[in-house]
Asks: 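Quick one: structure below, then a few questions.
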Amino acid sequence: MTQAEPRLTTLAHGGGCGCKIAPDVLQSILAGAPQAAPFANLMVGAETSDDAAVWRLNDEQALVATTDFFMPMVDDPFDFGRIAAANALSDVYAMGATPIFALAIVGMPIGKLAVQTIGRVLEGGASVCAEAGIPVAGGHSIDSVEPIYGLVALGLVHPDRVLTNRQAQPGDVLILTKALGVGVLSAAFKQERLDAAGYAALMASTTQLNTPGPRLAAMPEVHAVTDVTGFGLLGHALEMARGAGVAVELELTGPAYLAGAEDLAAAGVRTGASVRNWAAYGQAVTTPSALPEWRRDLLSDPQTSGGLLIAVAPEGAEAVMQLVQSLGFAAARRVGRVREGAPSVVVV
């Protein structure tokens, strides 16, 4: 950036998946929207807050379509583009699909940012798409007050192998493939309290593509998958519970945490989104009575480009762990289980 340019994060009121509308507010908005007419080929719509829409093309192929975009959580434009692209592609992987191409969504404050800076955002996104083996085949751009970047992402999957968040079964083991704490680290970055090691951990996590998705779809023991993003682990686990009509039990010591996240959270670093998340769904979550508030914040912390939450039959859990670890997800952990009961989340 030139000296005349402001930091990217100073141009946005929020960043990453922390920009998402709070789940209760979103639910209220959607409640007033007209319901889509039934379509025979629409396999997955908006009914259970799943990660993407799925349209059956034929007996062998289904199209997975999603879009995701947000404002910057870091100042480096290339890094911003990388994070946003990885986050958008995650929804395709979470449905068990293989990406085929993407379209760019670009909103930039022309006049405040140099053309070269905006170009670096797009280059960052394209670099991640290239890593995924797909092109950015087009897109749309506007002049906006705040910088916005993301993708429309499309993928293909066999209709019989679509992964959703609504098929978890009692007895399933829950596995989370990435460490938590993205929101806390990004908040620390904005407060200039994040050191170089913390920034490296943040970037490594948020730009890691959730490539295990298609392989998980080929494993019959895997029943449900979702990616953990803006609503935090608690929020997305609750969506899985509601989609399947089951209860989810999460172990407080189960998830891994990004380096420095626990210390920063204990020191009071938090995101506004974690507070909004808890206010939205806390009534459906039971936590230990002595749980410190900062611990709860980490469980509701918005995860930009977070990991996959996998519900797998006990006999398949070890194979899933071996698969994701072999693909570079060293922070993968067993974080809980699914049991019979009213849709809810219990932290033990």
Side-chain angles (χ1 to χ4, degrees), residues 17 39-70 81-105 122 124-140 149-167 177-178 206-220 222-230 236 239-240 243 303-311 320 323-324 327-329:
C17 284
F39 290 87
N41 289 325
L42 183 61
M43 298 178 63
V44 180
E47 300 81 12
T48 59
S49 303
D50 225 315
D51 297 306
V54 183
W55 185 271
R56 182 191 297 271
L57 297 174
N58 51 54
D59 291 341
E60 300 295 324
Q61 293 176 312
L63 179 69
V64 175
T66 183
T67 184
D68 211 315
F69 52 89
F70 47 60
R82 293 170 66 211
I83 294 170
N87 180 74
L89 292 173
S90 180
D91 287 337
V92 173
Y93 289 123
M95 305 300 289
T98 299
I100 53 174
F101 71 91
L103 305 172
I105 299 169
L122 273 62
S127 74
V128 165
C129 288
E131 183 182 342
I134 65 169
V136 178
H140 184 65
Y149 178 72
L151 300 175
V152 173
L154 302 171
L156 292 175
V157 63
H158 192 285
D160 295 337
R161 291 185 174 181
V162 175
L163 295 173
T164 71
N165 66 359
R166 60 189 178 195
Q167 298 296 328
T177 60
K178 289 187 183 183
T206 55
T207 59
Q208 185 177 26
L209 291 170
N210 279 321
T211 53
R215 299 198 195 186
L216 293 171
M219 302 174 71
V222 173
H223 296 145
V225 175
T226 190
D227 62 341
V228 176
T229 54
H236 291 285
E239 287 183 339
M240 183 178 283
Q303 302 304 289
T304 302
S305 192
L308 299 177
L309 182 63
I310 305 161
V320 168
L323 169 67
V324 297
L327 294 175
F329 292 82

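Heavy atoms only: backbone and side chains are in, while hydrogens, waters and symmetry mates are out.
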Asks: Taking all atoms of both residues into account, what is the closest heavy-atom pair of A84 and G150, and its distance?
Replies: CB-CA, 4.4 Å
Asks: Roughly how far, to the nearest 0.5 Å, is the NE2 atom of H223 from the CG atom of N165?
Replies: 15.0 Å
Asks: If you measure from CD on Q61 to CD1 on I100, what distance do you get to the nearest 0.5 Å?
Replies: 8.5 Å
Asks: Which heavy-atom pair separates N210 from S90 by the least distance, and what is that distance?
Replies: ND2-OG, 2.7 Å
Asks: Might you point out which heavy atoms bring L308 and T177 nearest each other, and give the distance in Å?
Replies: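 Heavy-atom minimum between the residues: N-OG1, 2.8 Å.
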Asks: From L57 CG over to L63 CG, what is the distance, rounded to the nearest 0.5 angstrom?
Replies: 5.5 Å
Asks: Measuring from L163:CG to D227:CG, what's the distance to the nearest 0.5 Å?
Replies: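 That separation rounds to 11.5 Å.
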Asks: Taking only residues two or more places apart in sequence, or in another chain, which ones meet A52 in a side-chain contact (heavy atoms from CB on, under 4.5 Å)?
Replies: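 Checked A52 against side-chain contact (heavy atoms from CB on, under 4.5 Å); matches are V64, T66, M95.
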Asks: Any donor-acceptor pair under 3.5 Å linking the side chain of E239 with the backbone of T226?
Replies: no
Asks: Within a reach of under 6.0 Å around CG of N58, are more than 12 heavy atoms found that belong to other residues, nucleotides or ligands?
Replies: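 Yes - once you tally the heavy atoms of other residues, nucleotides and ligands closer than 6.0 Å, there are more than 12.
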Asks: Quick one: does V228's side chain get under 4.5 Å of K178's, heavy atoms only?
Replies: no
Asks: Tell me the closest heavy-atom pair linking T206 and S305, and the distance in Å.
Replies: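 Nearest heavy atoms, T206 then S305: O-OG, 2.8 Å.
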Asks: Partners of L209 by side-chain contact (heavy atoms from CB on, under 4.5 Å), sequence neighbours excluded?
Replies: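 A86, L89, Y93, V128, E131, A132, T211.
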Asks: Is there a side chain to side chain contact (heavy atoms under 4.5 Å, CB included) between C129 and L151? Walk through the geometry before answering.
Replies: CA-CA 10 Å; C129 288; L151 300 175; 3.7 Å; yes
Asks: Please lay out, stage by stage, how L122 and Y149 fare under the test side chain to side chain contact (heavy atoms under 4.5 Å, CB included).
Replies: CA-CA 8 Å; L122 273 62; Y149 178 72; 4.2 Å; yes
Asks: Rounded to the nearest 0.5 Å, what's the gap from CG on D160 to CE on M43? Could you check?
Replies: 7.5 Å
Asks: When you check the side-chain N and O atoms of T304 and N87, is any donor under 3.5 Å from an acceptor?
Replies: no
Asks: Can you measure from OG1 (T67) to CG (D91) and round to the nearest 0.5 angstrom?
Replies: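 Interatomic distance, T67 OG1 to D91 CG, rounded to 0.5 Å: 9.5 Å.
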Asks: Can you give me the closest heavy-atom contact between G124 and S127, atom names plus distance?
Replies: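 Scanning both residues completely, I find the closest heavy atoms to be O-OG, 2.6 Å.
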Asks: Testing the basics here: between V44 and R166, what is the closest heavy-atom pair and its distance to 0.1 Å?
Replies: CG2-NH2, 3.9 Å
